[in-house]
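Input: a single structure, listed below in structure tokens.
Labels below follow one simple rule: chain letters A, B, ... track the order of the sequence lines, proteins then strands, and each chain is numbered from 1.
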Number of protein chains: 2
Amino acid sequence: MEHPSTPTPGRLRTTPSWLLTQTAAHAGRLVTAALSPHHARGYHYRLLATLAETGPASQADLGRHSGIDRSDIVATLNDLADRHLVRRQPDPTDRRRNIVHITPTGRRELSNLQHALDTAQDTLLAPLNPADRRELVRLLDLLLTHHTQPEG
Amino acid sequence: MEHPSTPTPGRLRTTPSWLLTQTAAHAGRLVTAALSPHHARGYHYRLLATLAETGPASQADLGRHSGIDRSDIVATLNDLADRHLVRRQPDPTDRRRNIVHITPTGRRELSNLQHALDTAQDTLLAPLNPADRRELVRLLDLLLTHHTQPEG
DNA sequence: AACCAACGTTGGCACAACCAACGTTGGCAC
DNA sequence: GTGCCAACGTTGGTTGTGCCAACGTTGGTT
């Protein structure tokens, strides 16, 4: 008895939210696979990348820029600080805040992660030509902008 | 008024995997919100929808068609069976298998869920015109097909 | 001085996605 | 037929992401 291996029929296959979550799951697998040799997860990369672009910032700002919850920032930053990729430092002008710096080691590690991730992006987008890739990024960016705007 | 609310700078913003996971997160929120009044989660809908399209099927087949793990099928099916949306029945020709049927009640509930989800899709795709929506579906489908093919 | 807002932190929760293992059953090679 | 392996349903975990509530501390406003 063979199921002709019929994977997923029509209704789900044209449901945008399902397509998004499924492709995101594949993307997540690739990202996890790319980062795990470096003992890093998505949050680690996202924080390092944000930090490298914004420069030193408070944890709350890092959260806003990276879209990670304040409470998750704490744990991730603990990991990064333990590995000396990041330094926490009290803000002299506002004692509620920590100013978080990326260290030279952190920058090197970020560049490693970036390289691994670039490869993963290529694997992810393999079936798409350059124009289609740009189009996908454009459409996703439109969605994201719209759904971040209303109250952001 | 310092931080001009600068949400997410350039690097992440053009990283396909990040765009995908973020938009998928938004989609997931909308789906959850749409289903929760019906006391259902994504798995419940996906299983009912798959069942309605394939007709009665074994749990393993349901898993293959919907992309849900066998073990998660069990728990989800328990929920659905408790609410009489689905019926489990031993396969007379293969005693390892259950044949799962969707009940009339299940069909009605599926139609409710479908309606709620259709609305959610519209909210999700609000910033996209019809052509862009088709394009997005096309591109995501390409990705999904490619990453399901290799060993499926 | 009294408030309220923002900050970092702790500890929790939900959900999707997996994985290993088990006993049962079917199919196939020998 | 016997022996072996594959597939099935099921149980009981684990992980990563995205949340939320609450607390004590600090800053800004009134």
Rounding to an integer number of Å, can you tell me how far [X] [atom1] sits from [N] [atom2]?
{"X": "B:Y45", "N": "C:dA16", "atom1": "OH", "atom2": "P", "value": "14 Å"}
{"X": "B:I73", "N": "C:dA17", "atom1": "CD1", "atom2": "C1'", "value": "12 Å"}
{"X": "B:H39", "N": "C:dA14", "atom1": "NE2", "atom2": "P", "value": "15 Å"}
{"X": "B:D79", "N": "C:dC15", "atom1": "CG", "atom2": "P", "value": "10 Å"}
{"X": "B:H26", "N": "D:dG18", "atom1": "NE2", "atom2": "P", "value": "10 Å"}
{"X": "B:R41", "N": "C:dA14", "atom1": "CZ", "atom2": "C1'", "value": "9 Å"}

Nearest-nucleotide check on DNA chain D, B:A57 vs A:D94; residue mapping nearer the 5' end is B:A57
Not counting sequence neighbours, which residues clear side-chain contact (heavy atoms from CB on, under 4.5 Å) with [X]? List them please.
{"X": "A:P90", "result": "none"}
{"X": "B:R138", "result": "A:D132, B:E135, B:L142"}
{"X": "B:A116", "result": "B:A34, B:H38"}
{"X": "A:H84", "result": "none"}

Table please: side-chain donor-acceptor pairs of residues 120-128 of chain A below 3.5 Å, with sequence neighbours left out.
unit_1, atom_1, unit_2, atom_2, d
A:Q121, OE1, B:S17, N, 3.0
A:Q121, NE2, B:S17, OG, 2.7
A:T123, OG1, A:T119, O, 3.1

Are B:D79 and B:R41 ion-paired here, with the side-chain N under 4.0 Å from a carboxylate O? yes
N/O-N/O pairs, protein side and nucleotides 8-10 of chain C side, under 3.5 Å:
unit_1, atom_1, unit_2, atom_2, d
C:dG8, OP1, A:Q59, N, 3.0
C:dG8, OP1, A:N98, N, 3.3
C:dG8, OP2, A:A60, N, 2.7
C:dG8, O3', A:N98, ND2, 3.4
C:dG8, O6, A:R70, NH2, 3.4
C:dT9, OP2, A:Q59, OE1, 2.9
C:dT9, OP2, A:Q59, NE2, 3.0
C:dT9, OP2, A:R88, NH1, 2.8

Can you name the salt bridge (Lys or Arg N to Asp or Glu O under 4.0 Å) partners of A:R96, sequence neighbours left out? A:D94
Which part of the nucleic acid does B:G42 contact within heavy-atom distance under 4.0 Å: base, sugar-phosphate only, or nothing? sugar-phosphate
Dot-bracket assigned to DNA chain D with the 3.5 Å Watson-Crick/G-U criterion, [ ] for crossing and | for other-strand pairs, is ||||||||||||||||||||||||||||||
Please list, chain by chain and in numerical order, all residues satisfying side chain to side chain donor-acceptor pair (under 3.5 Å) with A:D72, sequence neighbours excluded. none
Side chain to side chain donor-acceptor pair (under 3.5 Å) with A:H101: which residues, sequence neighbours excluded? A:Q89
Would you say A:R64 reaches C:dC7's phosphate, i.e. side-chain N/O to OP1/OP2 under 4.0 Å? yes
Establish, with yes or no, whether the OP1 or OP2 oxygen of D:dC8 is under 4.0 angstrom from a side-chain nitrogen or oxygen of B:R95. no
Tell me, which pairs form a salt bridge (charged side-chain N to carboxylate O under 4.0 Å, His left out) where one or both residues lie in residues 84-93 of chain A, sequence neighbours left out? none
Strictly under 3.5 Å: I want the nitrogen or oxygen pairs between protein and nucleotides 2-4 of chain C, one per line.
none

Say whether B:V86 and B:V74 are linked into one hydrophobic cluster, either directly or through other cluster members, by side-chain heavy-atom distances under 4.5 angstrom. no
